[in-house]
Amino acid sequence: MTSSILVTGASGRLGGDIARRLHAHGRSVRRLTRRPDHLPPLPGGEVVTGGYDDVEALRRAVDGVDAVFVVSLPGGSERVARHEEALRAAAGAGVAHVVYLSLLGAGADSGSPQGRWHHETEQALRGLLPRRWTSVRAGLHTQALLTSVGIVEGTALHAPAGNGAVAAVDRRDLAPVITRILLDGSHRGTALDVTGPALLDWPAVAAARGLVHVDADPAGFADRLRERGAPAHFVEGVLGLFADVRAGRLAVVSDAVTDVGGVLPRTLRESLEEDGPGDGGRRLVREFVAALDAHRPEAAGAVVAPDYRQHNAGVGAGRAGLVAATAAFLGAAPDLVADVSSLVETDQLVAATIRWTTGGRSWSSHDLWRHDGRQLLEHWDDVDPAALTRRLRPAG
Ligand SMILES: NC(=O)c1ccc[n+]([C@@H]2O[C@H](COP(=O)([O-])OP(=O)(O)OC[C@H]3O[C@@H](n4cnc5c(N)ncnc54)[C@H](OP(=O)(O)O)[C@@H]3O)[C@@H](O)[C@H]2O)c1
């Protein structure tokens, strides 16, 4: 019997996705939460109620597990002690592998307090769990980059970024990396940088939002944040972040999303399109796969044309045929996880490799779509869905 993996932060976006993925890979998952009513269902999964400040709950949570994912908490310096409680519990229980969510550029000399706090937790990780730790140093999330880093006035994005650049990572691309490390027990004794695919400077970030970057003086920028009611710790954090950006400390690009997670990292354009209105074949395929991953056949149907042409004898005609086949497929694979692992687009065609995981097994399909930029019109693949559904759901 395989032992469990403990996932903390499992009511949150990242921890929730990791728990779901571990389950699809056939692992038994235990989840720690202070709010069990906020957990999505996970068949067979154990739940321990409590947080990092509840030593007794932590002790129960780590008892007998093989590996632990320790999410870092939002907040100020007080979280270092909370992280250490979680690490101490794992060390005390003899857990074989602890994977901690850290921050790119974490170090004693980091310009940002966040970087220094993550460094302190990493020091505790090394000390308490020698060679049994992995620190996943995630870059700035694309979602944070696009929404909160800078002040927008009219068409100007004010930010004291100088000529600095970051390779922001879409937060949805972190879970495949962390899941793979937990499954394999790999990268022990290592801090692994996880970033997006390309460096972006602030003029590029501003342009993606239809804005123009105005380089701001750090002191004046801080004053304007305060005038807008930003609390002192927030101002200190943002200024420290920009000090690191200007110093080039965060200008790092890693291949971990592809090499470890096995998925194609989202570009800034793809993140923007997936989070808001947009068009183009890549966006359509991303949206289609995301709908399957979220187990929403109707949402997958909404991406395709009403007279969708499906070159697959096992799927009925049009959008209705696709939705029916998708519903049957998802019914047979209730824990299905779907990831895009490659994507190529021409004017009218998109080719993709999609990795599917369910019931502890993974396989890839190769798919080709014709599109008009607004909808997927026609599809070819190398999958026989009827045979696949029968295999996933044996007769009876
Ligand atoms: N690099 C970046 O740009 C960036 C941006 C955003 C976030 N982050 C980091 O990524 C982490 C995860 O992001 P997310 O989007 O998954 O966050 P999220 O959806 O807000 O989830 C945060 C999780 O933290 C848990 N938590 C909060 N306080 C806790 C405590 N005292 N003890 C135990 N668990 C506690 C919550 O669990 P319960 O409430 O169920 O107990 C929740 O599941 C954040 O916490 C932050 O450290 C980094």
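Order of appearance sets the numbers: ligands from 1, and atoms from 1 within every ligand. Position 1 is the first residue of the sequence, and the numbers go up from there.
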Tyr52-ligand 1 polar pair, N/O distance under 3.5 Å: yes
At what distance is the nearest protein heavy atom to atom 7 (C) of ligand 1, and which residue and atom is it? His141 CE1, 3.7 Å
Touching ligand 1 at all, Thr8? Heavy atoms, strictly under 4.0 Å? no
Are any of the N/O atoms on Gly15, whether in the backbone or the side chain, positioned under 3.5 angstrom from an N/O atom of ligand 1? no
Verify the contact flag for atom 22 (C) of ligand 1, where contact means a protein heavy atom under 4.0 Å away. no
Salt-bridge contact Asp63-Arg60 (side-chain N to carboxylate O under 4.0 Å): no
Answer yes or no: does an N/O atom from Val71 fall short of 3.5 Å to an N/O atom of ligand 1? no
Side chain or backbone, does Arg82 bring an N or O within less than 3.5 Å of an N or O on ligand 1? no
If the threshold is 4.0 Å, N to carboxylate O, is there a salt bridge linking Arg228 and Glu153? yes
Do you know which two heavy atoms are closest between Thr121 and His83, and how far apart they sit? OG1-ND1, 3.2 Å
May I ask you to say whether Arg224 pairs ionically with Glu227, meaning some side-chain N is under 4.0 Å from a carboxylate O? no
Salt bridge between Arg249 and Asp109, side-chain N to carboxylate O under 4.0 Å? yes
Nearest neighbour of atom 30 (C) of ligand 1 from the list Leu32, Leu73, Leu174, on a heavy-atom basis: Leu73
